[in-house]
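Before any comments, here is the structure.
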Amino acid sequence: MSVRELVVLGTASQVPTRHRNHNGYLLRWDGEGILFDPGEGTQRQMLRAGVAAHDLNRICVTHFHGDHSLGLAGVIQRVNLDKVPHPVTAHYPKSGQRFFDRLRYATAYRETVGITEAPVDADGDLAVTPSYTLQARKLSHPVESYGYRLTEPDGRRMLPERLAAHGVTGPDVGRIQREGVLGDVTLDEVSEVRRGQRFAFVMDTRLCDGVHALAEGCDLLVIESTFLDEDARLAAEHGHLTAGQAAAVARDAGVRHLVLTHFSQRYPEPENPESFERQARAAGYDGELTVAYDLLRVPVPKRR
């Protein structure tokens with residue numbers, strides 16, 4: 001049975017707090033696991049969340065600030081210690097190659113697993129698999145940063161009333177799905193397009209074209225909301241979004257489920273959920289909304 005869910009490993013920005021670990025997010029997508037922005041402490045958070053090194057197929061780093069990448073050293077060494085039996089691919093800004101090299105070889109260890117390095121230096125497709133296409137878009141931050149988007153190919157939804165009208169039953173249903181035609185009946189006549197699911201991961205950035213492109217039509221959008229709206233000037237200066245800005249992006253993009261995360265330690269933690277949710281709703285976003293906390297699990301919404 002396929003599983004599509006987000007496992008939140010950490011939600012802090014810049015520094016961890018008593019209640020929030022550095023960043024870390026695992027997307028389970030059928031049989032694959034994609035780890036985004038492993039900050040310091042990610043390996044321990046994986047243990048607490050029941051995530052194993054064997055679950056990882058890709059690692060996607062948005063940029064090389066410490067709260068988004070300091071956990072790389074431990075995660076990569078754990079992949080090798082556990083002798084993960086499949087290749088693991090790492091995507092990260094090419095301009096930060098020196099930082100990736102330092103983290104990958106931060107200490108001595110025995111390499112047993114080949115990490116495939118696939119640095120990003122432009123917008124576009126990074127990987128195309130039967131289950132998804134992984135894309136990157138450049139963001140606006142003091143250091144080069146990219147957001148990531150996963151798009152499932154569109155499929156077909158069989159329509160029972162049309163199948164019955166054309167006399168297509170039993171094994172013939174599977175045959176017309178595979179071959180596209182059965183006698184003089186075409187697949188288009190007995191089915192409709194089933195839109196593929198879409199997921200996007202947007203971290204440290206100001207508002208820019210890349211943010212909107214990544215969010216467009218997403219079923220699940222994970223996006224930073226480091227600041228509250230009253231601190232919009234600080235957000236712009238430091239290359240971040242406010243809760244209201246992130247929600248407005250989701251509103252305009254038609255996002256079904258919005259996950260806000262990456263919170264500044266400047267706000268009292270007990271007030272975080274209420275304040276961030278209130279400002280997101282004030283921005284006009286009326287879809288499903290989650291203010292993330294560590295070790296949360298968020299299912300990808302079911303297809304429409």
Side-chain angles (χ1 to χ4, degrees), residues 10-15 22-25 34 36-39 59-70 72 90-100 118-126 134-151 198-218 220-255 258-267 276 279-280 283-285 292:
T11 56
S13 70
Q14 195 171 34
V15 297
H22 262 176
N23 284 280
Y25 309 84
I34 304 174
F36 294 92
D37 279 6
I59 303 172
C60 294
V61 178
T62 59
H63 66 291
F64 283 102
H65 277 155
D67 54 325
H68 297 262
S69 62
L70 281 175
L72 264 174
H91 303 284
Y92 51 87
K94 188 175 182 179
S95 61
Q97 184 68 52
R98 66 191 185 281
F99 301 122
F100 183 85
V120 184
D121 61 359
D123 293 351
D125 294 353
L126 304 178
L134 178 66
Q135 300 169 305
R137 288 295 298 258
K138 194 171 184 179
L139 300 175
S140 174
H141 198 54
V143 301
E144 189 171 38
S145 182
Y146 285 89
Y148 297 95
R149 177 180 169 98
L150 212 75
T151 303
R198 293 161 169 82
F199 166 89
F201 184 79
V202 179
M203 282 295 118
D204 298 18
T205 183
R206 304 174 184 90
L207 288 174
C208 63
D209 290 343
V211 174
H212 296 287
L214 289 163
E216 183 60 34
C218 275
L220 184 63
L221 170 65
V222 181
I223 187 169
E224 69 120 316
S225 56
T226 309
F227 292 96
L228 291 171
D229 292 345
E230 53 265 33
D231 293 316
R233 181 184 59 81
L234 280 175
E237 287 178 2
H238 296 284
H240 287 289
L241 298 174
T242 69
Q245 289 172 334
V249 168
R251 177 199 66 206
D252 295 344
V255 169
L258 170 65
V259 178
L260 299 179
T261 188
H262 193 270
F263 306 111
S264 171
Q265 72 273 18
R266 69 189 296 114
Y267 307 112
F276 283 85
Q279 293 192 355
Y285 178 74

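All values below come from the heavy atoms of this structure, side chains included, with hydrogens, waters and symmetry mates left out.
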* Does the ring centre of His65 sit less than 6.0 Å away from the ring centre of His63? -> yes
* Side chain proximity check, Met203 to Val222, heavy atoms < 4.5 angstrom -> yes
* Is there a side-chain contact between Tyr25 and Val259, using heavy atoms and a 4.5 Å cut-off? -> no
* Are His68 and His22 near enough that their ring centres are under 6.0 Å apart? -> no
* Looking at side-chain heavy atoms only, is the closest gap between Leu214 and Leu139 below 4.5 Å? -> yes
* Can you say whether the rings of His240 and His141 are parallel (under 30°), tilted (30 to 60°) or perpendicular (over 60°)? -> perpendicular
* **Min side-chain heavy-atom separation Ile34-Cys60 under 4.5 Å** => yes
* To do: Step through it carefully: locate the ring centre of Phe199, locate the ring centre of Phe36, and say whether they are under 6.0 Å apart.
  => yes
* To do: Say whether, by atom type as modelled, one donor and one acceptor occur between the side chain of Arg149 and the main chain of Gln135 under 3.5 angstrom.
  => no
* Asked: Is any side-chain heavy atom of Phe64 closer than 4.5 Å to a side-chain heavy atom of Leu72?
  -> yes
* Asked: Is there a donor-acceptor pair closer than 3.5 Å between any side-chain N or O of Glu144 and the backbone N or O of Pro93?
  -> no
* Distance-only, no hydrogens or angles: does the Tyr146 side chain make a donor-acceptor pair with backbone N or O of Val61 under 3.5 Å? -> no
* **Taking every non-hydrogen atom, the tightest pair across Thr261 and Gly10** => OG1-O, 4.3 Å
* When rounded to the nearest 0.5 angstrom, what distance separates CG in Asp37 from CG in Asp204? -> 7.5 Å
* Min side-chain heavy-atom separation Arg266-Leu234 under 4.5 Å -> yes
* **Derivation and outcome, side chain to side chain contact (heavy atoms under 4.5 Å, CB included), residues Ile223 and Leu258** => CA-CA 8 Å; Ile223 187 169; Leu258 170 65; 3.5 Å; yes
* Begin with the C-alpha distance, continue with both residues' side-chain angles, and end with the deciding distance and a verdict on side chain to side chain contact (heavy atoms under 4.5 Å, CB included) for Glu224 and Val202. => CA-CA 6 Å; Glu224 69 120 316; Val202 179; 5.5 Å; no
* Looking at Ala243 and Ser225, what are the two nearest heavy atoms and their distance? -> CA-CB, 3.8 Å
* What is the distance from atom CG of Leu134 to atom CZ of Phe201, rounded to the nearest 0.5 Å? -> 12.0 Å
* Pro142 and His238, any side-chain heavy atoms less than 4.5 Å apart -> no
* Asked: Taking Thr226 for the side chain and Phe263 for the main chain, is one N or O donor matched with an acceptor at less than 3.5 Å?
  -> no
* Counting only heavy atoms not in Asp252, do more than 12 fall under 6.0 Å of its CG? -> yes
* For Lys138 against Asp123, the heavy-atom pair lying closest together -> N-OD1, 2.7 Å
* Between Tyr285 and Val255, what is the shortest heavy-atom contact and its length? -> OH-O, 3.1 Å
* To do: May I ask you to decide if Ser95's main-chain N or O and Arg98's side chain share a donor-acceptor pair within less than 3.5 Å?
  => yes
* Within the distance-only criterion (no hydrogens, no angle test), does the side chain of Arg251 pair as donor or acceptor with the backbone N or O of Ala283 below 3.5 angstrom? -> yes
* Ala213 to Arg137 - nearest heavy-atom pair and separation -> CB-NH1, 3.2 Å
* Asked: With distance as the sole test, does Asn23 use its side chain to make a donor-acceptor pair with the main-chain N or O of Asp67 at under 3.5 Å?
  -> yes
* Hey, are the side chains of Glu216 and Arg198 touching, using non-hydrogen atoms and a 4.5 Å cut-off? -> no
* Where do Thr205 and Ser140 land on the side chain to side chain contact (heavy atoms under 4.5 Å, CB included) test, with the steps shown first? -> CA-CA 5 Å; Thr205 183; Ser140 174; 4.0 Å; yes
* **Flag, side chain of Thr242 to backbone of Phe227, donor-acceptor distance under 3.5 Å** => no
* Looking at the rings of Phe99 and Tyr92, which for Trp means the six-membered one, are their centres under 6.0 Å apart? -> no
* Shortest non-hydrogen contact between Ser13 and Ser264, atoms and distance -> OG-CA, 3.2 Å
